[in-house]
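One structure is given below, encoded as structure tokens.
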2 protein chains.
Amino acid sequence: MAATKDPRPCSIADTLAVVGEKYSLLVLREVCLGNRRFDQLVRNIGAPRDILATRLRRLVDAGILTKRAYSERPQRFEYRPTQAGLELEPVLMTLMAWGDRHLHRHDDRPMVVEHSCGHELAPVVTCRACGDTVRHEDLTARPQAEGWTVAGPTAA
Amino acid sequence: MAATKDPRPCSIADTLAVVGEKYSLLVLREVCLGNRRFDQLVRNIGAPRDILATRLRRLVDAGILTKRAYSERPQRFEYRPTQAGLELEPVLMTLMAWGDRHLHRHDDRPMVVEHSCGHELAPVVTCRACGDTVRHEDLTARPQAEGWTVAGPTAA
DNA sequence: CTCCGAGAGTTGGAAATTCAAACCCTCCCC
DNA sequence: GGGGAGGGTTTGAATTTCCAACTCTCGGAG
């Protein structure tokens, strides 16, 4: 999963290098839902057990999950999201919203998330400074490293 | 990339089935930045050419990109995001924000995005209904299919 | 004491993907 | 007619994934 050539330096790529492998974000989904045990994860995610074990190790190493024993004798472990892991939940919600909109009929969504405000959660990405919904036309990227440019939007 | 066993039905998984393969979201990053040509994508993403060709086909098939000739004789093509593709940009921004926060020093971010409001973009995921920032403790998931439950938060 | 099952992985080998480099084709230009 | 540029495809070798079976530790039932 190492970057091959000399690609654009970018936090999107860096983040995906940590959580972009197959199943990683689904592991995070499950632990955020409160499912913390290996066998639950295997069942709910549908991943091969060995791959799941590899992903869990990686996520723990990356500081996104913690592993702790919930029972000595017999030793049994559970995985929980760290603060950093919880901060990825908005990514999951945004992915879910896209899938709900583009991959399902509105009346046939696989899962509904309720917000404590009493309404169903419809996540919207906004600009912290002005509060407006983030739209492509309002964005301008500025690479910080030399040699890297963007082609300018010129409309989609 | 097909779901193996009988995993939890979920739009996160469905979305990742479309854009979750290695490089797919980086392709989207580049086309959103305005880089539309095959060789640019190869260079900026650092993906093998054959893999990139496969990903582009898939993203076009999924309705996330369009492929169009920008020159006949010699035939030359470019890729652009569709509306559905642009609607994934908030996912990219949210991933970027996480990477900026957790993988870099604040003064050494690889890329800065400016919002048209005049400030640097700091994307925040909010609830459309109440406008509040989405936080883990405020969410409750309700699976729509039978047999699928969540374990309840019981705090992280 | 023995057998059974749960939980949490590990192992081995076959199947699928990825990678890198080289190759191809169509033009344009000198 | 030789050299790019642009946009891929081909070819093996190197990695990963997948699946089933296996392991190991206990707790409890009979």
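The chains referred to below are lettered A, B, ... by the order of the sequence lines, with proteins before strands, and numbering in each begins at 1.
Within 3.5 Å, a donor on the side chain of D50(B) pairs with an acceptor on the base of dA20(C), or the reverse. The base of dA8(C) sits with one of its N or O atoms less than 3.5 Å from a complementary donor or acceptor on the side chain of R49(A).
As a whole-Å value, the separation of E21(A) CD from dT16(D) P is 9 Å. Protein atom CG of L41(A) is 9 Å distant from nucleotide atom P of dA8(C), rounded to whole Å. The interatomic distance linking Q40(A) (CD) with dA6(C) (C1') rounds to 13 Å, in whole Å. We find that CZ of R73(B) is positioned 8 Å from C1' of dC27(C), with the value rounded to whole Å. Residue R36(A) contributes atom CZ, which lies 16 Å from atom C1' of dG7(C) at whole-angstrom precision. Rounded to whole Å, atom P of dT18(C) lies 5 Å from atom CZ of R55(B). For the pair D39(B) CG and dG4(D) P, the computed distance is 15 Å after rounding to whole Å. Between K22(A) atom NZ and dA15(C) atom C1' there is a gap of 13 Å when expressed in whole angstrom units.
With respect to R8(B) and E30(A), a salt bridge is recorded, a charged nitrogen being found less than 4.0 Å from a carboxylate O.
When distances are taken from the side chain of Y70(B) to each of dG8(D), dC19(C), dG7(D), the shortest belongs to dG7(D). Here the side chain of F38(A) is nearest to one of dA8(C), dC18(D), dC19(C), namely dA8(C). Closest to the side chain of Y23(B), from the set dC19(D), dC19(C), dG7(D), is dC19(C). When each of dC19(C), dT25(D), dT9(D) is scored by its nearest atom to the side-chain atoms of P74(A), the top-ranked nucleotide is dT25(D). Looking at the side chain of F77(B), the nearest of the listed nucleotides dG7(D), dC18(D), dA8(C) is dG7(D). Closest to the side chain of R76(A), from the set dC26(D), dG7(C), dT26(C), is dG7(C).
Side-chain contact, E120(B) with H115(B): no donor N or O sits under 3.5 Å from an acceptor N or O. When only modelled atom types and interatomic distance are considered, Y70(B) and R36(B) share no side-chain donor-acceptor pair under 3.5 Å.
At least one test fails for K67(B) against the ring of Y79(B): distance under 6.0 Å to the centre or angle within 45° of the axis.
OP1 or OP2 of dT9(D) has at least one side-chain nitrogen or oxygen of R57(B) nearer than 4.0 Å. Note on K67(A): every side-chain N or O is 4.0 Å or more away from OP1 and OP2 of dA8(C). For R58(B), no side-chain nitrogen or oxygen approaches OP1 or OP2 of dT17(C) to under 4.0 Å.
When side chains are defined from C-beta on, H119(B) does not count as touching E114(B), because their heavy atoms never get closer than 4.5 Å.
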